[in-house]
Amino acid sequence: MSFPLLTATAALPALGAIATAAVPAARRTAAKWLALLVSLATLALAITVLVRFDPDGGRYQLTESHAWIADFGVRYELGVDGIGVALIALTALLIPFIILAGWHDADPLETGSRRWRPTQGFFALILAVEAMVILSFEATDVFLFYIFFEAMLIPMYFLIGGFGDRAHEHGEQVASTQRSYAAVKFLLYNLAGGLIMLAAVIGLYVVAGNFSLTEIAEARANGSLEMSASTERWLFLGFFFAFAVKAPLWPLHTWLPNAMQESTAPVAVLITAVVDKVGTFAMLRFCLQLFPEASKWATPAILVLALISIVYGALLAVGQRDMKRLIAYASISHFGFIIMGIFAMTSQGQSGATLYMVNHGISTAALMLVAGFLISRRGSRLIADYGGVQKVAPVLAGTFLIGGLATLSLPGLAPFVSEFLVLVGTFARYPVIGIIATFGIVLAALYTLVLYQRTMTGPVKPEVSAMPDLRVRELVVVAPLVALLIFLGVYPKPLTDIVNPAVKQTMSDVQKQDPRPEVEAAK
């Protein structure tokens, strides 16, 4: 029996979470180092998965399959395609940086504050989320995927509600209330989506007789599984609704700004750069593969919602006073681009959407973590409380600028390639949608440059005059992310070689071909 590499990649952070939580309360530093070492070991396993994956091989590789709940057709089935491999690598890459960035975020609170916060619990919860996200990217049994799709909400709830941002202008009591509100809102929105998906999962089992993604998709392709158009559409809507909440897609997005605002910066990165990617990934893996006809039927409506997300998110980002809420609304706009690329039903659009998931994760992590370092120094999230930071902390300002330029998809940085592919792929089939979506690029330049101008340039405000520049630990967090943004912006081929074969398979599932460009015949 071959080594269960996929199981090990998810089991290691799960066991690490248990071990970290069990560290004695007085050994906080030991708990931090243990969590960091576990995350680095998980990254090594993820790199092994990446190396062993053959882009030109079978669709699902490194597969594992074991009986689990045989009476109900539930199996423990794992497998990865090019899209899953890329997102597992992204998750494993970001978690060590998240842990390093949050090194002091769960230290004991000051005397007289609300209560002492368990440091071990903070890092254990991060590792637990990592394990569940990785399993979500690996699961090829629909019921197994559903379990971890929902289970990750529990540690995220405690990370948002129990370990929120200390920078709050209205005091600890108000901050605690707002954190609780944000955590409950996050949980209720995602639970509502999950319950609707559960009904669809049960309905799929009634129709197909099992939960195996590969078996159901194969039966759909060869015509041995009969599913009426109305049944397929209802099941598609049940799955898509849950994924749209997680993504998040307008108008199901309202939980994200609250959750990111009240979380620490590392937890905010965990939400938008890691957890939310499960929603867009699942649209590709489950919606398009299991319900190809319903996906084509719903495409016009979904493209309109994605377009609204792009423009609406960017417009609201322009008017934000809170730095974290600005980044949250920018992410809503970016997720609109990802979903638009998925449902453009072109190979360029879907390749761009997959690259966008990876590149958005890196760029948002860079921008939000530097913003977190800035907020921890000043003790305020309000943009108006800053000014002239580049004169006293030039390295911090420079990395903040690179993260911002990546957010607006500047040519030469990684997100540009993915956004360009999404727009080209969308324009090829839906030119009006593609043209309107480009307005989001203009707005992205506006909110990013205005944010930088108001915080980093101008006269030095007295409150920031003694602000220190990035420390060694913070540079270790930011420098690799900046290097990746530049490398993948100049040379995206390693990523495209991995994801393109999987995109071709998805295009085959929905029986779509790229439209040929209309060229006027030479006279």
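Computed from a predicted model, the values in this text were never measured in an experiment.
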Check: R59 main-chain N/O paired with Q505 side-chain donor or acceptor under 3.5 Å: no
Minimum side-chain heavy-atom gap S409-Y356 below 4.5 Å: yes
Spacing of Y329 atom OH and H334 atom NE2 [to the nearest 0.5 Å]: 15.0 Å
Aromatic ring pairing Y491/F487, orientation class (parallel under 30°, perpendicular over 60°, tilted between): perpendicular
Pairwise side-chain contact, E218 with E215, heavy-atom cut-off 4.5 Å (strictly under): no
All salt bridge (charged side-chain N to carboxylate O under 4.0 Å, His left out) counterparts of D141, not counting sequence neighbours: none
Flag if over 12 foreign heavy atoms under 6.0 Å of CZ, R473: yes
Any donor-acceptor pair under 3.5 Å from E64 side chain to L6 backbone: yes
For Y205, all residues meeting ring-ring contact (aromatic ring centres under 6.0 Å, His included), sequence neighbours excluded: F211
Among T399, V269, L100, side-chain contact (heavy atoms from CB on, under 4.5 Å) partner for L369: V269
Sub-4.5 Å side-chain heavy-atom contact between L270 and M156: yes
Those residues that, when tested against D497, pass salt bridge (charged side-chain N to carboxylate O under 4.0 Å, His left out) (two or more places apart): K493
